[in-house]
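Here the structure comes first, spelled out in structure tokens, and everything after it is commentary.
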Amino acid sequence: MHAPISPPVRAIVRRAVERAWERAIAAGTLPALSDAGEVPTIEVDRPAHPEHGDLATNLAMKLARPYRRSPLEIAQILAAELERDAEAEGAVAGPDAARDAVGDDAAAADAATVLLGSPVGSVDVAAPGFLNIRLAPAFVEAAADAARRAGEEFGRVAAPRPQHVNVEFVSANPTGPLHIGNARGAFVGDLLCRVLAAAGHRVTREYYFNDFGQQVWNLGASVAAIRLGTPIPEDGYRGDYVRELAAELPEALLAGAGEPGPERDRVVGEWASERIRAGIEASLAHLGVHFDVWKSEGSLYTDGSVERALERLRAAGVVYEADGAVWFRSTAYGDDKDRVIRKSSGDYTYFGSDIGYVAEKFGRGFDHLVYIWGVDHHGTVARVRNAAEAMGFARDDVEMILVAWVRFVRDGAEVSMSKRTGEFITLDELLAEVGVDAARWFFGSRAHTSAIDFDIELAKKQSNENPVYYVQYAHARICSILRKAADSGLTAADSLDGSLADDEVSRGLAILALRLPEVVEDAATVHETQGVTAYATELATAFHAFYRDRRVVDAADPATSAARLALV
RNA sequence: GCGCCCGUAGCUCAGUGGAUAGAGCAUCUGACUUCGGAUCAGACGGUCGGGGGUUCGAAUCCCUCCGGGCGCGCCA
């Protein structure tokens, strides 16, 4: 465990606004709201334009309706109270009736206020009722100092409700190497994991794969056929990687697998699929993606997870038999048709293992499950969540993130792929061309819901103008400055105290750098990562401008945070 | 036919009901003899697919239409 994490600046200011509101009520200048449903949540955001201050709140406009008074009038009252907060050193210490009701967040914000001083410098009221707040210079300096002391820990956030989250992604079956179509899911999943971890959650990265069944038998049959020079089955696998496997297949294993037939296909297939799985793990390592758990579908049957889940559904009375098959009454939860769990042949469907997997994951103690799926799986979302609900789990704790298609394009022409025919570009080949950082940035900076074009030639050609290099260059400059400073025997000041008050450029950079925890928090709550890359670009831009206008000096302040960002 | 996702600058894409809708690329004009010019300052560029509605306020929420993607198996 490390030291308590200071709340983001935004949260501290939000608490200051809340205190101002409470004081206004206590003083009788504003009435208390009797109807709890009318109490608005206090929002504090960065205004779109710098002349509107550092932070702004729309609370007065939110209160206009319940109070039946003009937003401007309310804003004036709140502004007066906020100004008083700025002047009163002991603003927080006084009796506070609402303290119990608002909980730990408020307590943490209050504690931070005691530590760092009041955040409010000055307040302006702007039509139609915004409260524009400028941060107190001493507060910014104190907060920046705290961020420097936090070092690598800066940017981490204490989640209000920490969860143990299971994120399952990639999960491509080991019948061939990862291809470029798998890239997006891999990056999206890993970035989400990083953001969740930074936001104070426990994260488990999980890869789910099918190591038995028809696909694997076919793979085995194909490998054996090539090795022995017999024709490849019609629905078999082709491609260079199959030939390589055939060449590497140990003679003893083939001999021990016996006569041609299902048993031999199974033995050879399992060997081949494990080889491929190991290759996939290596490819993902090149991406910087490492899984905590490799979960085989077969294990869900051998350990009884699937049967237990079925029993659970049976106990809930949502299972029936018809036409020799076992069905889940998915329509009872709004689905448009019921779903088969076990076929009349006695085999389970994919859906069968899906529900077993859900229960098995919760059985391992996870609070929240995230699945990163391609949009083509969206038809299965409802039934899995329905089954989870029927088994007694919270529907909202089973979350599917559907990643939209990527059209891979080379010089304007779409690149088509088929694993069966072996015509595809592998993930390794893609990365050899465009680089891991550029690819990670590309996928991280786009919403997972939007279908995107990835032009391989363009990605290479523009690599010098790519935002990722822009951000990395900022980092390089920072390192260079630090190096130069060390060479000349300069050391960073112990404190920024007083150094930011009258320098708008430095002050702006510090405030921007202090936003990192807010960015992380937002990304984690909405499960989107593109805000992080956007922020990194913005911070780099601010730094480059700073670099131009302000020679050296307190380089140490932005360095820690910017360096971290360049790595994200 | 039903369901889900998408439509924002020439291109690729941001924008969880807030103020004058942003960034990169592309195009054009400028800038250090000093910390890395992979940089900086500026210009150009928009019926937020169309039309209604909700409200103090809509790219964002609701309805509808147009256009594109995906899904609707006892497949995996």
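Reminder, nothing fancy here: chain letters follow the sequence lines and each chain counts from 1. Just the heavy atoms: all of them, side chains too, but no hydrogens, waters or symmetry mates, feed the values below.
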Below 4.0 Å: OP1/OP2 of B:rC56 and any side-chain N or O of A:R65 = yes
Can you check whether A:A172's main-chain N or O pairs, donor with acceptor, with A:Y207's side chain at less than 3.5 Å?
-> yes
Rounded to the nearest Å, what distance is computed from the CZ atom of residue A:F130 to the P atom of nucleotide B:rG17?
-> 14 Å
Would you say whether A:Y473 stacks on B:rG36? The test is a distance between ring centres of less than 5.5 Å and an angle between planes of less than 30°.
-> no
At under 4.0 Å between heavy atoms, what does A:A534 touch on the DNA or RNA strands: base, sugar-phosphate, or nothing?
-> nothing
Rounded off to whole Å, could you give me the NZ-to-C1' distance for the A:K337 and B:rG71 pair?
-> 11 Å
According to a strict under-4.0 Å criterion, is A:K343 in side-chain N/O contact with OP1 or OP2 of B:rG73?
-> no
Between A:Q215 and A:N210, a side-chain donor and acceptor under 3.5 Å | no
Of all the choices, B:rC74, B:rA38, B:rC35, which nucleotide is nearest to the side chain of A:A325 once you look at every atom?
-> B:rC74
Can you tell me if the side-chain N/O atoms of A:K484 get under 4.0 Å from OP1 or OP2 in B:rG36?
-> yes
Assess whether one donor atom and one acceptor atom, taken from the side chain of A:H378 and the base of B:rG3, lie less than 3.5 Å apart.
-> yes
Looking across every strand, which nucleic acid part, if any, lies under 4.0 Å from A:A404 by heavy atom: base, sugar-phosphate, or nothing?
-> nothing
Mark this stacking check for A:H49 against B:rA19 as yes or no, applying ring centres under 5.5 Å and ring planes under 30°.
-> no
Atom-to-atom span, CD of A:E518 to P of B:rU16 - whole angstrom | 16 Å
Please indicate yes or no: is the ring centre of A:Y470 less than 5.5 Å from the centre of the six-membered base ring of B:rA38, with the two planes inclined by under 30 degrees?
-> no
Look at A:T541 and B:rG24 and indicate whether a side-chain polar atom (N or O) is within less than 4.0 Å of OP1 or OP2.
-> no
Specify the separation, in whole Å, of atom CZ of A:R446 and atom P of B:rU12.
-> 10 Å
Is there a side-chain polar atom (N or O) of A:Q530 under 4.0 Å from OP1 or OP2 of B:rG15?
-> yes
Given atom CG of A:N58 and atom P of B:rU16, what is their separation to the nearest angstrom?
-> 15 Å
Ignoring backbone atoms, test whether A:Y469 places a side-chain nitrogen or oxygen under 4.0 Å from the OP1 or OP2 oxygen of B:rU39.
-> no
Just call it for A:A540: base, sugar-phosphate, or nothing, with non-hydrogen atoms closer than 4.0 Å on any strand.
-> nothing
Could you check whether A:L402 gets within reach of a base, just the sugar-phosphate, or nothing at all, counting any heavy atom under 4.0 Å?
-> nothing
May I have the distance from A:E297 (atom CD) to B:rA76 (atom P), rounded to whole angstrom?
-> 10 Å
Rounding to a whole Å, what distance do you find between A:R69:CZ and B:rC56:C1'?
-> 17 Å
